[in-house]
Amino acid sequence: MADTYLNEYTEASTTSVTEKSDSSSGPIGLDVGTSNIVMAKSHGSKTFYNKQINAYFTIPQSKFTRQILTKNEIAFFEHNKQFYIVGDSAENFANMFNANTKRPMESGLLSMREDEGIAIMQAIIKSLIGRPKKFGELICFSIPGQILENEHGVTSTVEGHESVIKIYLESLGYTAISINEGLAAVMAELADNNYTGIGISMGAGLCNVCLSYMSVPVITYSIPKGGDYIDMKTSTDLGVPATHVKSVKEKGIDLLGLPKNKMDLALQIYYTDVINHLVNSMQKAIGSSDKMPKITEPIPIVITGGTSKPKGFKERFELALKSIRLPIAISSVSISKEPLYTTARGALAMALIEGK
Ligand SMILES: Nc1ncnc2c1ncn2[C@@H]1O[C@H](COP(=O)(O)OP(=O)(O)O)[C@@H](O)[C@H]1O
Ligand SMILES: [Mg+2]
């Protein structure tokens, strides 16, 4: 299992140090995302992170394989005469077989159709957090906002998803509370602004938005578009596998540069599509809300999540923002410095405050 230790505000890929996550007690923040599950814990003034890919791969059951997997501390469980390899190891196995991993979540929510989906998520979560050292330890986990314009026909509900996770965490011995994913971005990044502003988390399945006034989520929602949508549309246009698109995209694209090839062009087009969809949804949801607080000061927007990582993303977003009208002035747009870890850090901040 890949344990990651980060200094606050440093990018994971550049400074990951293989220092084992500590086994001390203390509140936990947990980011349950479509493509990554991340836990955060604090130790003194430092924050520890641990991440697993939210995916699985099945292989045939055998006694010998069980021994090897156990010896190598690979997270797996047995079901229907198969071994389900979960988390980061699933990707290694899938690569060996030249196949794709599967995911227990789609569009931000647990798929309730497959019963193994729940068991897989539980196994990944357990491999990250284990049982608490102190019974009743507080854990705060992220949940998406209600999905607007659910044209993709996501059948699971946020409530169902939330209660399955809560019940599981409590069965491990934790006291579990949830936090909206957009609010987690605000908790992580906007302390200097009294937790007032708009937090946006752009992940694989969803973009989550939260307008927070002094840490109170006033408006929350999500749209069913994110990194997966960009991969899928580009893949269909070019006739190449979505996993290939995803790996090219994650190697680092520039949203402002001239496209060098068809893939670059398609990625820019669908990035613009997602950003436009997002800002238009903000105009609709925030512009038309009767819940809108009468804030006279301009408020900041903070954006996080893997989909906000490309070069030029901020400029593209700011450009799109100019095309809409919001009933509130925006003071600044910023991208969090560690987009894959911010939600977990915000959930941890909430757990630390609530646990006092
Ligand atoms: N460098 C990158 N550039 C563009 N997209 C990225 C990059 N790194 C990760 N992503 C995308 O970010 C998404 C995962 O981000 P994350 O915030 O963990 O999502 P989720 O919360 O849905 O699990 C995936 O769609 C992934 O392809
Ligand atoms: Mg996320």
Side-chain angles (χ1 to χ4, degrees), residues 4 11-14 29-40 49-55 87-88 91 100-101 103-111 121 124-125 128 141-145 147 154 161 165 178-185 187-188 199-210 222-235 241-256 263-264 266-268 270-271 274-275 302-314 316-317 335-347:
T4 316
E11 186 57 58
S13 53
T14 53
L30 188 69
D31 168 10
V32 186
T34 309
S35 74
N36 291 301
I37 301 187
V38 188
M39 77 87 116
Y49 298 91
N50 205 339
K51 176 166 90 64
Q52 287 271 352
I53 294 170
N54 193 2
D88 292 8
E91 198 132 280
N100 289 322
T101 53
R103 284 179 177 168
M105 270 170 66
E106 51 181 347
S107 298
L109 298 172
L110 249 174
S111 164
M121 280 261 309
I124 298 175
I125 291 176
L128 286 170
F141 65 100
S142 66
I143 52 161
I147 304 174
V154 180
H161 169 88
I165 297 170
S178 64
I179 184 170
N180 171 273
E181 194 173 320
L183 182 61
M187 294 304 295
I200 302 177
S201 169
M202 301 183 67
L206 302 173
C207 288
N208 265 279
V209 180
C210 170
S222 62
I223 58 163
K225 268 187 184 176
D228 286 349
Y229 171 84
I230 295 168
D231 302 347
M232 191 259 298
K233 293 296 262 188
T234 305
S235 140
T243 43
H244 175 63
V245 176
K246 185 169 182 277
S247 77
V248 171
K249 181 189 75 176
E250 291 179 5
K251 278 198 187 103
I253 52 168
D254 182 353
L255 296 178
L256 296 177
M263 174 102 62
D264 261 8
L267 285 168
Q268 287 195 359
Y270 292 113
Y271 246 102
V274 170
I275 292 172
V302 62
I303 309 176
T304 180
T307 298
S308 71
K309 280 180 97 172
K311 193 161 173 251
F313 178 87
K314 179 171 179 275
R316 284 276 174 189
F317 183 88
I335 312 293
S336 77
K337 291 196 185 63
E338 29 170 52
L340 293 174
Y341 296 84
T342 315
T343 301
R345 183 156 52 84

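Since this is a predicted model, take the numbers as computed values, not measurements. Just so you know, ligand 1 is whichever comes first in the structure, and atom 1 is the first atom listed for that ligand. All heavy atoms count here, side chains included; hydrogens, waters and symmetry mates do not.
When side chains are defined from C-beta on, Ile253 does not count as touching Met263, because their heavy atoms never get closer than 4.5 Å. Annotation: side chain of Pro310 is not in contact with side chain of Arg316 (no heavy-atom distance under 4.5 Å). Residues Lys225 and Cys207 form no side-chain contact, since every pair of their non-hydrogen atoms from C-beta on lies 4.5 Å or further apart.
Put simply, the side chain of Asn208 gets close to the backbone of Gly145: a donor and an acceptor are under 3.5 Å apart. Although no hydrogens or angles enter the test, the distance criterion places no donor-acceptor pair under 3.5 Å between the side chain of Thr304 and the main chain of Ser201.
For ligand 1, the atoms lying closer than 4.0 Å to a non-hydrogen atom of Pro310 are 3 (N), 4 (C). Against a heavy-atom cut-off of under 4.0 Å, Lys246 is close to the following atoms of ligand 1: 27 (O). Each of the atoms 4 (C), 5 (N) of ligand 1 lies under 4.0 Å from some heavy atom of Tyr271. Close approach of ligand 1 to Gly305 (heavy-atom distance below 4.0 Å) involves ligand atoms 17 (O).
Distance check, rounded to the nearest 0.5 Å: CE of Met121 to CG of Leu110 gives 4.5 Å. A distance of 10.0 Å separates CG in Asn100 from NZ in Lys246, rounded to the nearest 0.5 Å.
Distance from atom 23 (O) of ligand 1 to its nearest protein heavy atom, with residue and atom name: Ser35 N, 2.7 Å. Of all protein heavy atoms, the one lying nearest to atom 1 (N) of ligand 1 is Glu250 O, 3.4 Å. Among protein heavy atoms, atom 22 (O) of ligand 1 sits closest to Ala204 N, 2.8 Å. Regarding atom 18 (O) of ligand 1, its nearest protein heavy-atom neighbour is Asn36 ND2, 2.8 Å. Counting protein heavy atoms only, atom 3 (N) of ligand 1 is closest to Lys249 O, 3.6 Å.
Assignment of Gly226 to the shell around ligand 1 is not supported, since no heavy atom sits closer than 4.0 Å. Assignment of Tyr341 to the shell around ligand 1 is not supported, since no heavy atom sits closer than 4.0 Å.
Between atom 5 (N) of ligand 1 and the options Gly227, Gly306, Gly33, the minimum heavy-atom separation is to Gly306.
Remark: Lys233 NZ is loosely packed, at most 12 non-hydrogen atoms of other residues, nucleotides or ligands lying under 6.0 Å away.
In terms of polar-atom proximity, Gly252 is not counted as a contact of ligand 1, lacking any N or O under 3.5 Å from an N or O of the ligand.
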